[in-house]
Structure formats: C-alpha cells, structure tokens
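Okay, structure first, notes after.
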Amino acid sequence: MDVSHIFDDLNESQREAVSAPEGPLLVLAGAGSGKTRVLTYRIAWLVQALSLSPLSILAVTFTNKASHEMRGRIEQILGFPVGGMWMGTFHGLSHRLLRAHWQEADLPQAFEIMDAEDQLRLVKRVLKDLGLDESYWPPKQVQWFINSHKEEGIRAANMAPSQDDQQRQLQNVYLRYEEFCQRLGLVDFTELLLRALELLRNNDTLRNRYQNRFKHILIDEFQDTNTIQYQWLKLLAGQHQNIMAVGDDDQSIYGWRGAKVENILQFEKDYSGTKIIRLEQNYRSTATILNAANAVIRHNDGRLGKELWTQGEEGSAIKLYAAYNEYDEARFVISSIERWVDEGNRRDSIAVLYRSNAQSRVFEEILIERGIPYRVYGGFRFFERQEIKDALAYLRLINNRDSDPSFERIANVPTRGVGNKTLDTVRIRVRDTQTSMWKACLELLQQQKLTSRAANSLGQFVALIERLDADTQAMTLPELTEHVVKHSGLIAHYQKEKGERGAARVENLEELVSATRQFHFDEENSETDPLTEFLLHAALEAGEGQAQEWEDCVQLMSLHSAKGLEFPLVFLAGLEEGLFPHQRSIDEPGRLEEERRLCYVGMTRAMQELVLSYAEIRRLHGKESYTRPSRFVDEIPDEYLAEIRMTGNRIKTVAVGSSTSSVIAKHGSDSGYKLGSRVRHAKFGEGTVLNLEGQGEHARIQVNFQSAGNKWLVISFAKLELVA
DNA sequence: GTTGTGCGCTTTTTT
DNA sequence: AGCGCACAAC
C-alpha cells in the first residue's frame, strides 16, 4: 500500500517518530509541536504500512474528549471507521476490562461506579460507623489518604501496621471503606484502575490474552500517568515492548492526583534500547507568545531540558490588563471578545482560561448580559448537578435496588418524613446484617421494628420506587426518564425552590430527558439494556457534550481542562498571587513549579493573541481582598508585554481612576500619548488609544478608529493629533 | 422525630 | 458560596 501521503504533512522528527521501527519509543513533545498529529499518524502508519489490524492497537488518552477527537482524526486519515479499536482513557479502558471480566475481578455483575461526591459520602459514613469525629478526621483528607494510597497500588491490607496512632486509625478507616465497597459492589475512580491492574497481574490467562491481542500500545500525555497506570501499561506491553509514550515534562500538571513525571525518566530505564525523539518545533504560537512562555518555564528547576522554537511570525505583544476588580476584568475580556468577533472571527476561536472553576461565574454573567453564546467546560458539569444526580439516583434504584449511594441520596428527597433518625436505624441494620439499605429497610418494615410514623414514611418511599418500576416496565429510556422525573416529585420539589435557581433546576431535569433522547444505544456492542448503559455513560463521562456543542460559542474552562487544546485568541484571567499560583501551592516549591507549568500550559494554548489580566481587588469566598499581580507576570520579560488600561468611554461602568497601580504607565510614558486618550489620524479619522509599546523611534501605538477599526501605527510616522 | 433557619467555618485543579 | 451544626417550630 502506498503510504507516502502520510508523510506529506510531517517534519523530519515527526516522520522519524511516525515511522520508527517496533520497540519502545519515547517522544518528548513540546507544546504545539504536533504531538497529537504524531500519535494519530503513527496509528495510521501501523495500520497501512505494517498492515496491522486496528483491533490489535491500544491507545490511551487522558480525557474522553481527547480520545473522541483522536478516533475521528484517525478515521479521517484512514478513510474507514475503527470502531473496534481499543481507545480511551485509563479509567474507561479499565472499566471495559472489569465489565467483561467481573467474575475474575471479584465484583458483582452490576457493580456501580462512585464519583468523588459519592465517595466522600461513603467516607463520612465509615467515619460515623467507627465513631470518629469529623472535625478531627476531616473527610476530605481521609478521602485523599485513601486515593493516594490506591494510586500507589497500596491496599489497606498491605500496609504495615503503623506506630503512629493517627496513621493506624486512618489505615483502619481505609480498611473499613474497602470492605464496605466490596460488600456493596461499589467502585471509586481509582479502584477502576487498581482493580484492573490486579486483574491483569493475578490472572495469567487474561494477561496473556490481552498481551497477545494488543501488539502496539500508545499513550498520550505520559507525564500525567500515575504509578498504577504505568504498571498497567508495562504489564500489557510486557512481551513485545511495542510501546510508544508521548509526553512533555513541562506540561505535567496532575501531581496532586498522584501523577509521576518521573515515569518519563523511568521509561528509559525500564526499556533498554528506548528510542527517544524530541519534537521542539512549535507550529502553534507566534514567536512572542512562545518566547514569553519559555521565559516563564525557565524558572523551574529539574527540567528535562527542551527549548521550543518557531519559524512563525513574531506576532503582536502579549496584552496585560490590570483590572480594578473581577467585574472590570470580565468586562474588559468580553469587550475584547466583541471586538475580535466584529473583526470577523468565530466565537469558538476564543478561550477564557482561569485557575479555578469558581471564576467562571462572573464571566458568564457578563456574557449573558451581552448576549454572547458561550460554553463552560468542566466545573459544575451536567451529570454532577444536584438535581441531575437526584434523578439519576431514582433511575439507579429502579435499575438496582441495592444501590446504597442512590438510596441514601433520595430516601428523603423530596422530603417525605424520612429523617436522620430513621435512616440511622436502617444504617445500623445494614452494618449489623451486612446487607444493602434497601433490604435492611424491607426487613425493618416487615418485622415492624420502626415507629409507626417512620414506618409510614419509609413505606411510602419503598412503594414509590416499586410503583415507578412497575409503571415503566414497557417504556423506552426517554419515556422512562420523563416518567420518573415527573412522578418522583422532583420537579414539584425544585419548583418550590425560590429564585432562578429552582427554575434552572427544573430546566436541567427537562434537559436530562432530552439527553436520554439523544443518547444512542449501541445494541450490537452492549450486553445490557439502554437504562444501564445510560447510567454508565453518566458515571464516566460527567456531561461533556451537552446540547450546543457545535454552536459557535466562546469557550470557558479551567487551565487543567485546556491542556491539549489550542485557540487563536486566549485570555488568561485572574493572574494574582494566591489565586494563581494558588495559595495552597505557594509554600511548597514542588507545587509552585507545578503551578508554573500550568501557567506555561495556559500561555502555549494561544496561537495568535494572548491576553493576561488580573484584578486588584477580588471578591473571593464572599470576602473582598487586595491582591498582588502573579509572580508569573513578572517572569515574562517586558519586551513581550504591552500593558493596557482602558478608561472613559470604552469601558463605562468601571471606576478605574480609584486604583493606583504602579504598572499603569510603564510603557509609552515618553511618547506623550496616554491609553484611553482620543487621537486623530489624517486618513483614519478619530480613535481611542488602546495600547502603546516600545520606545523612541520604534514606539508603536494601537488605536481603535471609529471607521477603520483597530490599527497598530508607528508613532514617529503616523502624525497623530491629540484631540482635546 | 422531622423540618426549617441562622451562624460560623472552609474554600483547587479531574477521571 | 456551600456545608455542618444547633436550636426552635411543627
């Protein structure tokens, strides 16, 4: 087969990677160096040049989004669908293994995936069972203890008994937590990975089967693999060692989740004869953006060493806006967005990035106010919303009475008189007789162990679930969902909630019904029914890809979600000490470096324009506080920066004058022009000064002309007149 | 026993 | 802003 077309769009090192001989391969790929391209073309090359079946390839990515995207691109290159190819996230692939081999993995067939919230509830319950005080044993920290040990592959049973009382108690909680999960068939996110790893490790037949099946293994974002993920990979690549890892140590941003950058170094040691290829040419960003990002990341120690370069244009300076407060910041960002769109650009060429999801709210407010369509990634995702989780809990309980997390969630939602005391009675019974909440509840009712009032309320709940189940037997998934949402009383319950919040929740519930309508059930590739399949989908893909996915809209997301994406215009908001770098990372050098890498990731998302901003006063957690600009801003050399201060008519509602920042007039102070002042040009007419950069005869000025729009002019040639 | 309300306290990033 | 907790009201 002629495969030469595969190489047409690749540079020298990319080609080398794509067509590398079999064996271990490590690709150190800088931001925007064509990493995804190399991975997809490598897969295409394996299929076309080596005539490998797509079924014998395993490709691992970090997000569902990345995996969908890659599958699409491969199909595009190959010209035929590769549905049978194993491609997905570590979690998704592990889940697939466990579903297929639930018996061997010692799980019930209907095992259920818990999200972080369910897990936290369960931790709290275990703490309560053990009589431990939550103020002394913060549930979040206990959760972290459990997860970080699982990420290292350490089970409670394998832990050496500790001398330290506190440590011993934590181990005990961990042990009880595991027992609980095992009894109820509950699997948390990390358990998916660990369980799948143990399955492969302990079961020779299965391990051999999969080792033989997957002739080639490819892994994206290798710098973000944790200990058990890497072990999982090594186990599968065991025989042939045809493993290609692609990563960038400068983009390792998941250390807090147990990711080990060291895996990159370890890879070389584990696989002797590893071929290493570096991709250092950047095709994404302008030279200015790239140089600035390089300057920031250079402040980190212990890098593998890699300097990105580009043949591309210098591009315009990175803009820096010192806002008065977060509203001023949002208004500035959004008026810049409007201008960009007015110039004929698409809205989806724009991303607003921030450190923490809470920051999205203000941007959303202003975007709504200005009628600009937008889409928020991450954060409060659809399937994670309270009302949606309530509805899903009803569906789960109808599907599987023994789902304790669901029972706990909705036994008293909407309120029906099942209070804490009653639930505690059920919980104690569960603990003593080792059953599920549902069964314990039936037994208590049958044996009349409850007060008549409690029995009445609880009986109502039991009857409701049974009735919902009976009534919906013959229904399709959307009909069933609609029926349940209505007759569970959830709609009525949330209608009572005051303000817009309640209305939004009701809307979301209706949205859930339409989500089930859009959910296409793949009958051929599934052993279960549509409801079960939909619930699994909801558990693993927390609601990316809602409705207006294809609409042209502005993209809002956290820096973490932005990894792997690129946009012509990028805003990096909230560059303040304490927010970014985050307060909780400032004191620890290692964590601070991770924040810096996060900044690097953010900056390198930008293709043409990068705009940074910070607020001098920010309302955080309901408190207003004065902030300092982020140290990362200082780490960008001045020559790449242009500071903007808008005053007067462009941004109306802001009292900019009240704050005195030292950075206001760093540039252009010798030119006689001020940001925001009005000027007249012989040809372009009147306009407002937006920006100034450079000194002396090279000094340039950016003016927004009423008729001609935005222009950059060299001051010494432009012959501008100040308008009084 | 259960529900509603007001108070004080913590507050990141994701599968 | 969201959660647990204490206290008053049904």
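Residue numbering restarts at 1 for every chain, and letters A, B, ... go by the order of the sequence lines.
Ring geometry for A:Phe363 against A:Tyr354 counts as parallel: the plane angle stays under 30°, on a 0 to 90° scale with 60° as the upper cut. Aromatic ring orientation, A:Phe145 versus A:His149: tilted (interplanar angle from 30° to 60°).
What you find for A:Leu58 and A:Trp232 is that their closest heavy atoms are CD2-CZ3, 4.2 Å.
For A:Asn412, the side-chain atoms get nearest to B:dT3 when compared with the rest of B:dG1, B:dT14, B:dT3. For A:Glu595, the listed nucleotide lying nearest its side chain is B:dT12; candidates were B:dT15, B:dT2, B:dT12. With distances taken from any side-chain atom of A:Thr415 to the nucleotides B:dT14, B:dT12, B:dG4, the minimum falls on B:dG4. You'll find that the side chain of A:Thr422 is closest to B:dT2, out of B:dT13, B:dT15, B:dT2.
Considering only side-chain N and O atoms, A:Asn226 lies nowhere under 4.0 angstrom from the phosphate OP1 or OP2 of B:dT15.
Non-hydrogen atoms lying under 4.0 Å from DNA chain B are contributed by nothing in residues 488-496 of chain A. Residues from residues 581-593 of chain A with heavy atoms under 4.0 angstrom of DNA chain B, sorted by number: A:His582, A:Arg584, A:Arg591.
Taking a centre distance below 5.5 Å and an interplanar angle below 30 degrees as the stacking criterion, A:Phe90 does not stack against the six-membered base ring of B:dT15.
Under the salt bridge (charged side-chain N to carboxylate O under 4.0 Å, His left out) rule, A:Glu408 has a single partner from A:Arg396, A:Arg125, A:Arg121, A:Lys124, which is A:Arg125.
Between A:Phe407 and A:Phe461, the distance separating the two ring centers is shorter than 6.0 angstrom.
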Between protein and nucleic acid, restricted to nucleotides 3-10 of chain C and to nitrogen or oxygen atoms under 3.5 Å apart, what atom pairs and distances do you find?
from, atom 1, to, atom 2, distance (Å)
C:dG4, OP1, A:Lys124, NZ, 2.9

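Taking 4.5 Å as the limit, every side-chain heavy atom of A:Tyr254 sits out of range of all side-chain heavy atoms of A:Thr225.
Both the sub-6.0 Å distance and the 45° axial angle are satisfied by A:Arg99 relative to the ring of A:Phe111. In this structure, A:Arg596 is not positioned above the aromatic face of A:Tyr600 in the sense of NZ or CZ being under 6.0 Å from the six-membered ring centre and within 45° of the axis.
Checking side-chain atoms of A:Arg195 against main-chain N and O of A:Ala105 turns up a donor-acceptor pair under 3.5 Å.
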